[in-house]
Amino acid sequence: EEVDIYDIALSCQAMLEPVAEKQKVTVLVDGAKCLVKANKTMMEELVYNLTDNAIRYNRDGGMVWIKAEGGVLSVKDNGIGIPDTDLPYVFEKTFTGENGRTHTKSTGMGLYIVKKLCDRLGHSAEVSSVQGEFTEIALTFGKNELYKVE
C-alpha cells in the first residue's frame, strides 16, 4: 500500500505528546508529503519506536526533530547521545548499552525491531551520534518491486 511517512510522523508526534510533555521534550515534524510503498502499521511502529527512544534518552527542555523528505525519514534529538563504544551494537537484540543501564529502563529491543523491519522491507537504518550532543537515526526507503519511493 502507499503511505505518506510525513503523515505517519505527525501521527506519532500526537501519540507521544503525553510522554514528551512528561519528559519536558518538544517534538517537531518537518518535511513534506513523502509517499512510499510500505505497510502502514509497520511504518508506524518504526517511527513510533524511534521517536519514543529520542524522547526517553533526552533531557529536560530537549528537542526531537522528525523529518520526512525524499525517501528518507530521520529522527534526531539533542539528548544524551550514544557512546562511541556502543554505536556498533545499537541494532543488536537485547543490547542496552551504557545509556540503557544508567538513564532509563531498556529492553534493548526497540532499535533491534526497527532494524529487522527495515531489513524485511528492503529499507536501511543508520545511526549517528555524539555522546552528550545528539543522536540521529535515518531510515532510507529502498527501491524494489514491493517497496519503492515515489
Side-chain angles (χ1 to χ4, degrees), residues 3-36 38 40-93 95-143 147 149:
V3 297
D4 183 350
I5 56 174
Y6 179 76
D7 284 347
I8 289 172
L10 289 173
S11 174
C12 288
Q13 176 192 34
M15 285 188 287
L16 286 164
E17 188 174 340
V19 176
E21 284 180 5
K22 184 178 178 185
Q23 295 286 113
K24 298 180 178 87
V25 171
T26 302
V27 179
L28 301 173
V29 177
D30 189 21
K33 187 174 192 144
C34 189
L35 298 176
V36 297
K40 183 177 181 181
T41 302
M42 287 184 183
M43 289 297 104
E44 287 172 341
E45 179 76 17
L46 290 173
V47 178
Y48 184 93
N49 269 319
L50 294 176
T51 307
D52 184 51
N53 272 0
I55 293 168
R56 286 189 298 125
Y57 292 100
N58 216 311
R59 54 180 69 104
D60 284 356
M63 301 285 294
V64 174
W65 298 271
I66 309 170
K67 186 170 186 174
E69 188 173 63
V72 176
L73 179 121
S74 65
V75 178
K76 183 175 183 177
D77 64 62
N78 63 346
I80 61 176
I82 300 169
D84 288 342
T85 54
D86 288 353
L87 275 175
Y89 309 104
V90 297
F91 292 118
E92 289 186 8
K93 188 175 186 176
F95 180 77
T96 57
E98 179 183 320
N99 292 337
R101 291 186 299 273
T102 60
H103 288 76
T104 184
K105 292 179 183 176
S106 175
T107 63
M109 294 301 290
L111 291 179
Y112 169 77
I113 290 168
V114 166
K115 180 72 168 133
K116 282 296 178 194
L117 285 175
C118 282
D119 289 348
R120 287 184 65 196
L121 299 172
H123 310 316
S124 67
E126 295 179 5
V127 61
S128 58
S129 185
V130 173
Q131 191 171 15
E133 293 184 26
F134 77 94
T135 299
E136 181 173 19
I137 309 275
L139 306 180
T140 302
F141 295 89
K143 296 181 180 182
Y147 303 98
V149 176

Inset, instruction - Kindly determine whether Leu73 and Ile8 satisfy side chain to side chain contact (heavy atoms under 4.5 Å, CB included), including the steps that lead there. - result: CA-CA 10 Å; Leu73 179 121; Ile8 289 172; over 6 Å; no
Legend entry - By side-chain hydrogen bond (donor to acceptor under 3.5 Å, both in side chains) - contacts of Glu45 (at least two apart): Asn49
Inset, instruction - Tell me, with the steps shown, if Leu46 and Met43 meet side chain to side chain contact (heavy atoms under 4.5 Å, CB included). - result: CA-CA 5 Å; Leu46 290 173; Met43 289 297 104; 3.3 Å; yes
Legend entry - Check: Met63 and Leu28 side chains under 4.5 Å, non-hydrogen atoms: yes
Legend entry - Any Ile82 side-chain heavy atom under 4.5 Å of Tyr57 side chain: no
Legend entry - Heavy-atom closest pair, residues Ala38 and Val3: O-CG1, 3.8 Å
Inset, instruction - Report yes if some heavy atom in the side chain of Leu10 is under 4.5 Å from a heavy atom in the side chain of Gln13; otherwise report no. - result: yes
Legend entry - Donor-acceptor contact present, side-chain Asp4 to main-chain Leu35, <3.5 Å: no
Inset, instruction - Look up atom NZ in Lys116 and atom CD1 in Ile113, then write down how far apart they are to the nearest 0.5 Å. - result: 11.5 Å
Legend entry - Rounded distance (nearest 0.5 Å) linking atom SG of Cys12 with atom CD of Glu44: 6.5 Å
Legend entry - Arg59 side chain to Lys24 backbone, donor-acceptor under 3.5 Å: no
Legend entry - Heavy-atom closest pair, residues Lys115 and Phe91: CB-CD2, 3.6 Å
Legend entry - Considering all heavy atoms, the nearest Val75-Ala54 contact: CG1-CB, 3.9 Å
Legend entry - Leu50 vs Ile66 side-chain heavy atoms within contact, under 4.5 Å: no
Inset, instruction - Might you point out which heavy atoms bring Lys93 and Tyr112 nearest each other, and give the distance in Å? - result: N-CD1, 3.3 Å
Legend entry - Tyr6 to Ala32 - nearest heavy-atom pair and separation: CB-O, 3.3 Å
Legend entry - Atom pair SG/CD of Cys118 and Glu126 - distance to nearest 0.5 Å: 10.5 Å
Inset, instruction - Please say which of Asp84, Thr135, Asp86 ends up in a side chain to side chain donor-acceptor pair (under 3.5 Å) with Ser129. - result: Thr135
Inset, instruction - May I ask you to test the Ser128-Phe134 pair for a side-chain heavy-atom distance under 4.5 Å? - result: yes
Legend entry - From Lys22 atom NZ to Asp60 atom CG, the distance as rounded to the nearest 0.5 Å: 12.0 Å
Inset, instruction - State the CG-NZ distance between Asp30 and Lys76, to the nearest 0.5 angstrom. - result: 12.5 Å
Legend entry - Closest non-hydrogen atom pair between Gly62 and Asn58, with its separation: CA-OD1, 3.3 Å
Inset, instruction - Determine the sole option in Val29, Val25, Asp52, Leu16 for which the side chain to side chain contact (heavy atoms under 4.5 Å, CB included) test with Val64 is passed. - result: Val25
Inset, instruction - Verify side chain to side chain contact (heavy atoms under 4.5 Å, CB included) between Ile5 and Val47, making sure each step is shown before the conclusion. - result: CA-CA 9 Å; Ile5 56 174; Val47 178; 5.7 Å; no
Inset, instruction - Taking the side chain as every heavy atom from C-beta outward, state whether His123 and Leu139 have any pair of such atoms under 4.5 Å apart. - result: no
